[in-house]
Structures are given as structure tokens and as C-alpha cells.
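Structure, as C-alpha cells:
Keep in mind that the numbers below use all heavy atoms, side chains included, and drop hydrogens, waters and symmetry copies. A note on names: the letters A, B, ... follow the listed sequences, proteins ahead of strands, and every chain is numbered from 1.
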Amino acid sequence: MTLQLHDTLQGKKVPFVPLKEGEVTMYLCGPTVYNYAHIGNARPAVVFDLLARLLRRSYKLTFARNITDVDDKINAASVETGKPIDEITARFITAYNDDMAALGVRPPDIEPRATQHVGEMVAMIKTLIDKGFAYEAEGHVLFDVSSDESYGTLSKRDLREMIAGSRVEVAPYKKAAHDFVLWKPSTPELPGWDSPWGRGRPGWHIECSAMAEKHLGTTIDIHAGGRDLVFPHHENEMAQSSCAHDGAPFARYWLHNGFLSMDQTKMSKSLGNVLLVHELIKTIPGEVIRLALLSAHYKQPLDWSDETLESARRMLDRLYGAVQGVEVSEADRAAADVPGDLIAALEDDLNSPRAMAAFFALAKELNKATDDRKRITLAAQMYASGDLLGLLANDPEEWFAGHATGDLASDDIEALIEKRNAAKAERDFETADIIRDQLMAAGITIQDGREGTTWRRGQG
RNA sequence: GGCUAGGUGGCAGAGUGGUCAUGCAGCGGACUGCAACUCCGCCCACGCCGGUUCGAUUCCGACCCUAGCCUCCA
């Protein structure tokens, strides 16, 4: 089975073949760092982290995820808070990486920042002007959409219809309504760089084109991002890059994740239903959030609710419950492989729900197995699968001990369990039940197993 | 209005031209001193109307509904 990916440009699922055998380049549109990432921002980070993990099994992957650190929203945040721009961006870059790490997102190979690539952007803009794809007007440089015949193919838009239905007010310096800004002038108090067109700052789209070119080459294998970026962001990137490169394709596969809604409604600040990852991870284990995000196929819309999280938490309890108590050595882990059906599910356009079904099948097999050797092998396979999915990274004992609020110390719990077991041995069930109720009241659940009594915080 | 995705059981969410998704919840049973965990079994389904077919939830067409994009946005 080879990897199949749904390519937005072709509009269908196609076999993945990298440009260079054995090597893959991937670019993901990362955050604009003016605020904490919300749960919707986390979806592409998690989903394409999973893709990166899958790709690394078979290819030498170079994965870049950019940081947009020059943007009007950042400028606005600076004015609003009175804090310097550098301070704001530095703070939210750190927060973003910490928050994503909590969700099991591994750092990309390259994390290019827009402000460190202005020179490359200026060079690309010059090239576009020289080749007749861009023009200067009133201190702005604009991309001339009419010069690019293939404009609109990614988002499947007919330019004439778009112009007819346009609700946008056309800036006076534009030749045509859909020409977009490559470079714009800056006022003295705003960030700016010297350029052939005067002091200014780049438009939004050019940074990705310039940084992808610099770090990944003229044509990249995979370009990923949220659905909403298809137009105009990716359409414009594609136009800039392929025009600057004499028609060479910008990306060979375009991947876009679906939107996340909150209790059936769009997440938006005005509705006050924006969930920040930074806040969520204070009370909810990152793996629970990650699993919730992977519980739907990445292309599908995903509705986020308390039930989504609760269900994900119970799913993880079940998975951790299966491996709990099985001693798996480093050697066992090293020898283990991920089951074929789980790989096959992921290779089918990253079908994470199907992969989870395979994961649960493995857990069930482990729960049923009685032979110690077999149990170790299966548990090792579960850990190997977890490594691929970014789950099961905690020690099972810590998992069950960790995620709750009870104020009873672990030692006290162990002592009470010993007392209860002593009572049970004397068939004094009344005392045993009193102790169990006592623990239950403190949020501790007791489980009598063949190899002794285990406990977990939380009910269930 | 245009474009792009969708509409599956109580919920979440895969998939398929004729036999099981999976998980959570619920029900019955086993295990247990009683529980919990676990196991076994069960319940509940494919928006609507036509068409193709021996047979469609799955293919085709119309319709209804939903979401996203068309303006900064993952």
C-alpha cells in the first residue's frame, strides 16, 4: 500500500510520489503570533504533525512551518497593549510552541520567520516585476492577476464571475479588483524595511512563497494548511511562485484540513466561544485534546463540545488500561512494529478514525490475551502505534494517577489499599467496603486484578 | 448569487453495490464477596424523491438542509 493523499488542486485522492526519490519537502502555514493559539489553530498543527510522523517512517522529510511575525494584527496588538512588537511576537512564539508540544506536536525541521526573510521577499517581488507579473503603483507593488492564466485553478474560481460578484471595494491604485499586494508602504511608527519602492512591509502571501523557495526549493512536495487558506492565500502563493519560477509548479500536493466548530456554531471572538489551547491544557491532558482532534478525518468538519473531550478522555483511559501492568522492556519496544491495518489506514489519506479503530482492536486483543509473552508483544505494538499517532506517551500509572484533582497523596492511597486488602483476606468485607467508599469519595477508583489492586483517579 | 465540502444508529465518527466499522452511552450475561476493570452478547443507521440493478446507505439525477470560502481568519 502506498500513501494516498487528497490533493486540493486535482480535487481527488491520488498516489503520493515525491519529486526526489526517498525525500519529501513539506510546508505548513503556521501561526500569526499576536495571540494564543485556539483549538481551531491546533487542528492543522496536530493533523500535519501526524502526517510528518507517517512520512518520516519512509522518507527523509524536511518539514517547514512558518511564523508570521509581521502583520497588521500584530501592529494592532502592539498599539492596544503599548508593548513593543518584538516583545509580543517573542512571547506568542514561545507560547505557541509550548502549547503545541503539550498536544504532542513535534517541532518542525525549520521554523522560518517572515521578518528574517524580507530580503528574499524583495528579491522575489523584483523578479515578478521584471517578468511582467507585477507592477508598482503609489508605493505599492501589486501582483497582476490578469498576467497569470492559471490563476483560480486551485480554488476553482472563475475570475470573471468573481469580479462580477465582488463585494470588495477596489483600491484606486489597483489595475484590477483581484490584484493583490506584494509590498505596501509603511508609516514611520510601523515596522518597515527599505526597498526599491521605498520603506515598506510585505503583503501577507509573499512570505510563504519566499520562505518555501529558500528552505525547500522551487517546487515543494506538500503544502498544507486550513481550508480557509485555499483562497486567497494559497491561490496567491501559487501564482507568485509559479510565475517567479517560469511556470514550475509551486506545490505538488495541496492538503487542507476542515474547520472546527463549537457546539455547531462557528468559533469567533464576538460569540465568545474561542477556546485557547493555552487555557485548555491547564485542566485537560494534551493527549485528550490531540485524540479529540484526530477523532474525525482531517478533511471533515469537526464539532467540538464537552462530549467530544469526555469521550476522548475515556478512550485514552481504555487504551492506557490495556497496557497498564504490562512490563515492556526497551528491547521489546524496539522490536515492535505498528500493525499493518493501522499503517494502511493512515496511508489512506491520513484516515485517523480508521487508525484509531485498529488501535482499539489491538487493545482488545491485549485485554483478552493471557500468555505473558504475547501480552508483552501486544503492549509493545501498542506503544509503537502510540509513537506514530502521538498518543500513549505517558506511563500508564502516571496517566491514571495524574489527571484529576484529588488531594490524597499516592502513598496514602497505597496504604489504604493495603489495609483494605488485609481486611479482604480476613473476609471482613464491611471494613474493605468502607475503605473503598472512602477512596471513592476522594475520587479514587479501585480495581482488583489478578496481579493485585490498582487504582486510578477519577471515576471509571 | 457563485464555488467547495457534507448530510450514517442516543452521541461522536469511518466505510461499503449483497456479512462486523470503531469509540462513548444504554441493555443482558460472565468474572467479582459486592463493585470497578475486562470479556461475551444485544439494541439503535445510512436526509428526501426518482432512476440504474436480481439487489443501493453505497452508482446516477432532481430536491431539501448544513458548513466553509467568495473580505483578515486554521
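Listed by chain and number, the residues in a salt bridge (charged side-chain N to carboxylate O under 4.0 Å, His left out) with D144(A) amount to none (sequence neighbours excluded). In this view, R427(A) satisfies the salt bridge (charged side-chain N to carboxylate O under 4.0 Å, His left out) rule with no residue, not counting sequence neighbours. Applying the side chain to side chain contact (heavy atoms under 4.5 Å, CB included) test to I376(A) and every residue at least two apart in sequence or in another chain returns V326(A), D332(A), R373(A). Not a single ring pair (Phe, Tyr, Trp, His ring centres under 6.0 Å) links H297(A) to another residue, sequence neighbours left out. A search for ring pair (Phe, Tyr, Trp, His ring centres under 6.0 Å) contacts involving Y96(A) returns nothing, not counting sequence neighbours. Take R252(A) and apply the salt bridge (charged side-chain N to carboxylate O under 4.0 Å, His left out) test, not counting sequence neighbours, and it matches D221(A). Contacts of R227(A) classified as salt bridge (charged side-chain N to carboxylate O under 4.0 Å, His left out), with partners at least two apart in sequence or in another chain: none. Every residue two or more places apart in sequence or in another chain that forms a ring pair (Phe, Tyr, Trp, His ring centres under 6.0 Å) with Y27(A) is listed here: H223(A).
Atom CD in Q10(A) sits roughly 14 Å away from atom P in rA5(B) (whole-Å rounding). Atom CG in N421(A) sits about 13 Å away from atom P in rG33(B), given to the nearest Å.
rC64(B) sits 15 Å from rC49(B) when the P atoms are compared, rounded to a whole Å. When the C1' atom is used for both rC63(B) and rC69(B), the distance is 24 Å, rounded to whole Å. As rounded to the nearest Å, rC59(B) and rG68(B) have C1' atoms that lie 27 Å from one another. For rG10(B) and rA5(B), the C1' atoms lie 26 Å apart once the distance is rounded to whole Å. Nucleotides rC20(B) and rU58(B) have their P atoms positioned 16 Å apart, rounded to a whole Å. With both ends at atom P, the span from rA67(B) to rA25(B) equals 30 Å, rounded to whole Å. Nucleotides rC40(B) and rG47(B), compared at atom C1', are 36 Å apart to the nearest Å.
In the model, N41(A) has no side-chain atom that pairs as donor or acceptor with a side-chain atom of Y36(A) under 3.5 Å. Inspection of the Y151(A) and N236(A) side chains reveals an N or O donor paired with an N or O acceptor under 3.5 Å.
The phosphate of rC34(B) (OP1 or OP2) has no side-chain N or O of K424(A) nearer than 4.0 angstrom.
Of the candidates rC70(B), rA14(B), rA74(B), the closest approach to any side-chain atom of H297(A) belongs to rA14(B). Proximity note for H38(A) (side chain, C-beta onward) versus rA74(B), rG33(B), rC70(B): the nearest is rA74(B). Among the nucleotides rC39(B), rG33(B), rA74(B), the one closest to any side-chain atom of N367(A) is rC39(B). Each of rC70(B), rC37(B), rC72(B) was ranked by its minimum atom distance to the side chain of K73(A); first place goes to rC72(B).
The nearest heavy atom of RNA chain B to S295(A) and to D228(A) marks one nucleotide each, and the one closer to the 5' end goes with S295(A). With the nearest nucleotide of RNA chain B identified for both C29(A) and G321(A), G321(A) has the one nearer the 5' end.
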Kindly give the atom pairs (protein nitrogen or oxygen, nucleotide nitrogen or oxygen) under 3.5 Å for nucleotides 6-8 of chain B.
none

Using atom names, set out every protein N or O paired with an N or O of nucleotides 21-25 of chain B below 3.5 Å, distance rounded to 0.1 Å.
{"from": "rA25(B)", "atom 1": "OP1", "to": "R314(A)", "atom 2": "NH1", "distance (Å)": "2.4"}

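Counting atom types as modelled, D303(A) pairs no side-chain N or O with a base atom of rA12(B) as donor and acceptor under 3.5 Å. The base of rG15(B) has none of its N or O atoms less than 3.5 Å from a complementary donor or acceptor on the side chain of N351(A). Side-chain atoms of R436(A) and base atoms of rA36(B) include no donor and acceptor less than 3.5 Å apart.
Pairs of Watson-Crick or G-U wobble type, with distances under 3.5 Å, assemble into runs of 3 or more in RNA chain B at these ranges: B:1-7 with B:64-70, B:10-12 with B:22-24, B:26-30 with B:38-42, B:49-51 with B:59-61.
Residue K156(A) qualifies as enclosed at atom NZ: its count of foreign heavy atoms under 6.0 Å is above 12.
The list of side-chain hydrogen bond (donor to acceptor under 3.5 Å, both in side chains) pairs with a residue in residues 375-390 of chain A, not counting sequence neighbours, is empty.
Note on D49(A) versus R65(A): no salt bridge recorded, every NZ/NE/NH1/NH2 to OD/OE distance being 4.0 Å or above.
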